[in-house]
There are 2 protein chains.
Amino acid sequence: MQKLITAMDVAKHAGVSQSSVSRVYFEGATVSAKTREKVLAAAKELGYRPNELARSLITNRTKIIGIVMKGIQNPFYPQVLKQFTTTFKSLGYSIMFVYTNNDEIQKEDIDILFNYNVAGVIITDASLSLNAIEDFKRYKIPLVLFNRKIASNDFYSVCCNNLEASKEIAQFLVDKGSSDIIYIAGNQNTSTSKEREQGFTEALTKNNIALKRIGSDYTYEGGYKIAQQVINENGIPDSFFVANDIMALGVLDALRESSIAIPEATKVIGFDNIEMASWPTYSLTTWAQPINEMVNQTVSYLMSEIEEYTGFADNIEVNGILIERKTT
Amino acid sequence: MQKLITAMDVAKHAGVSQSSVSRVYFEGATVSAKTREKVLAAAKELGYRPNELARSLITNRTKIIGIVMKGIQNPFYPQVLKQFTTTFKSLGYSIMFVYTNNDEIQKEDIDILFNYNVAGVIITDASLSLNAIEDFKRYKIPLVLFNRKIASNDFYSVCCNNLEASKEIAQFLVDKGSSDIIYIAGNQNTSTSKEREQGFTEALTKNNIALKRIGSDYTYEGGYKIAQQVINENGIPDSFFVANDIMALGVLDALRESSIAIPEATKVIGFDNIEMASWPTYSLTTWAQPINEMVNQTVSYLMSEIEEYTGFADNIEVNGILIERKTT
DNA sequence: CTGAAAGCGCTTACAG
DNA sequence: CTGAAAGCGCTTACAG
């Protein structure tokens, strides 16, 4: 390994003390313009850069945010990741990325983040095992559940207002004249799918319509298969409310393969407003999740908890908006 | 901030020295079974975990790999990210994720990775500014350019064999009877687009066919617009070779909107084999990039350079395979 | 096999 | 404003 240029090397070269070098790179420290100049010149010449690891060790705080993601196959999440990365970068924070297959985050998934002493963690589209919950509490690491909440209410979560959204969606379909409606759910036990189902059911009940529910898994293939099944077995309803866009695209494709006219014979509405929903082939009516605002809420909570840990928990719900396109 | 449990705390609790605690957690160190037991028991009780930052500082090496990604909107790359994360995790490495908008990676994009003293870096779908090149050389950080190469040949790159692939694609189209063929290029200056164009041109020339080339930008919208333009201005060719799948989907959608029968009136072939290419709506013929093998080549190079830095550079080309679907 | 001690590259009271 | 010194939590020769 290459010998690192350290603050000591720069100090010698500049004829100042190592502390002075440190002060030049530490925001808020006071150094005279003259010293700063000498240090920066020496640093440039030697190719010095402050070692972030040493910094983190001595200050006992890192500028790393852990992001744990499951559904990276769903185009919604790369967008989210992009937003987070960009926003945190502007605040001087880096992203440690963890991919997991677990619906319920396990201790093993996050161990490494704790070992690196991350400043905060964001978990998207997954819940937490008891083990993991304990660790977050024990080590007082700020956590935000993004687009998912957990039953215990022990952590801060940021979601779209799913209940309100699905009520509006239901009313929208009813107003369009639908009375025979199928809800295609996402993975069981996910708060998003449950809430969307709940709001939807409530609004339908108000209109004296019984909900038909079919379970699926938040994937394109899941939506595709379920729609085929509906076509073959149940007959086509007036409309489908599909718990996320990527499934809705599967539903659309299956309906088309059976030459079912949309929106004439049946209507389809999704959730998320992923990029593909706006493609002319799909032109999917959907609910836009306000990613920007959700990201901002998450970031500002984390920043304040990093500043001073309180463990404060809340479920934040951000309003979205219906995007009407050609499938309704 | 919470007081950390350190090796010293564990040592006192277990009645051994701090060195012994360290040895229990350091692979390859020798400790008696008895000591190990005492230490682990104490550690468990106290909730000790070795501080990765202190470790990295003293050993002067981290277990962090930086991944710099530009095209996260293209579904090809989330897949790549997933593979890298999974593979590196099994090797004990974590991922620091950097998103950038720059076609040419700038010093600012990677500064933070150097400050964290990452063990290695992967840059996908982007090239390097001179500044950045210098830094990688100067600090001797192993680097792999993934799915992109740069002119200077100074770094290891891992790509699909674009030249061979595009030759085969050309021959495939010619064999299908095409003689009027348009190539829709990706971003200018990207090695992938240039190589695909070159191989394609060579094979067409052999068949006495002149290439028609239109530049675009590797996005869905880009493909869509170009195809509309072709429809309105140039007339439909026998077939399109589109430099990546996401653009090809845009092309398909535009053709369909104009009710152009595929593959009867014109054929379309893409590159990447992203998941959506297999969706029944698209069923796009394409070239499958062997992601797994590309990832493995990247990882094994990085691992050996981390073991012992040589700065060895090479351009690795991995063979892919034509996936024939319904658009040809 | 184990412990005492040096040292990784920083920040930060403490004097001056 | 600046320097000398302690200390963050580890690894690793060095003795024993």
Side-chain angles (χ1 to χ4, degrees), chain A residues 1-40 42-43 46-64 92 112 114-119 139, chain B residues 1-40 42-43 46-64 92 112 114-119 139:
Chain A
M1 202 84 192
Q2 151 106 346
K3 203 189 147 289
L4 242 64
I5 305 295
T6 72
M8 199 57 210
D9 300 326
V10 176
K12 280 181 192 155
H13 202 264
V16 299
S17 73
Q18 186 262 322
S19 329
S20 288
V21 176
S22 176
R23 287 189 183 102
V24 170
Y25 289 91
F26 185 75
E27 238 171 306
T30 45
V31 212
S32 68
K34 201 170 179 179
T35 305
R36 161 167 277 121
E37 231 169 72
K38 282 194 287 185
V39 167
L40 289 177
L46 300 175
Y48 171 71
R49 45 175 87 238
N51 183 323
E52 204 59 49
L53 299 167
R55 271 190 166 163
S56 300
L57 183 61
I58 192 75
T59 58
N60 196 22
R61 42 168 44 202
T62 61
K63 292 247 182 186
I64 306 177
I112 191 66
F114 284 84
N115 293 350
Y116 275 109
N117 200 8
V118 294
Y139 297 103
Chain B
M1 204 81 188
Q2 151 107 345
K3 203 190 146 288
L4 243 62
I5 304 296
T6 71
M8 200 58 210
D9 300 326
V10 176
K12 279 181 191 155
H13 203 263
V16 300
S17 74
Q18 186 262 323
S19 328
S20 288
V21 175
S22 176
R23 289 190 182 101
V24 169
Y25 289 90
F26 185 75
E27 239 172 305
T30 45
V31 211
S32 68
K34 203 169 177 178
T35 304
R36 162 167 276 121
E37 233 169 72
K38 282 195 287 188
V39 167
L40 289 178
L46 299 175
Y48 170 71
R49 46 176 84 238
N51 183 323
E52 204 60 47
L53 299 167
R55 270 189 167 165
S56 299
L57 183 61
I58 192 76
T59 58
N60 196 22
R61 41 167 47 201
T62 61
K63 293 247 183 186
I64 306 178
I112 191 68
F114 284 84
N115 292 351
Y116 275 110
N117 200 7
V118 295
Y139 297 104

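Sequence lines set the chain letters: A, B, ... in the order given, protein chains first and strands last, and positions in each chain run from 1.
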Euclidean distance, atom [atom1] of residue [X] to atom [atom2] of [N] [Å, nearest integer]:
{"X": "I5(B)", "N": "dC10(D)", "atom1": "CD1", "atom2": "C1'", "answer": "15 Å"}
{"X": "N60(B)", "N": "dT12(D)", "atom1": "CG", "atom2": "P", "answer": "11 Å"}
{"X": "R61(B)", "N": "dG9(C)", "atom1": "CZ", "atom2": "P", "answer": "15 Å"}
{"X": "L46(A)", "N": "dG9(C)", "atom1": "CG", "atom2": "C1'", "answer": "15 Å"}
{"X": "L57(A)", "N": "dG7(C)", "atom1": "CG", "atom2": "P", "answer": "17 Å"}
{"X": "F26(B)", "N": "dC1(C)", "atom1": "CZ", "atom2": "C1'", "answer": "16 Å"}

NA contact type, R49(A), heavy-atom cut-off 4.0 Å: base, sugar-phosphate, or nothing?
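Sugar-phosphate contact only.
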
If you define the side chain from C-beta out and look only at heavy atoms, does anything of H13(A) sit under 4.5 Å from Y48(A)?
no

Side chain of A7(A) only, please: which of dT2(D), dC10(C), dC1(C) is the nearest?
dC10(C)

Where the side chain of S32(B) is concerned, which of dT2(C), dT11(C), dT11(D) is the nearest nucleotide?
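Of the options given, the side chain of S32(B) lies nearest dT2(C).
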
Stems where DNA chain D pairs, listed by first number, each of three or more Watson-Crick or G-U pairs under 3.5 Å:
C:1-3 with D:14-16, C:5-12 with D:5-12, C:14-16 with D:1-3

At a heavy-atom distance below 4.0 Å, what parts of residues 14-23 of chain A sit against DNA chain D?
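By residue number: V16(A), S17(A), S19(A), S20(A), R23(A).
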
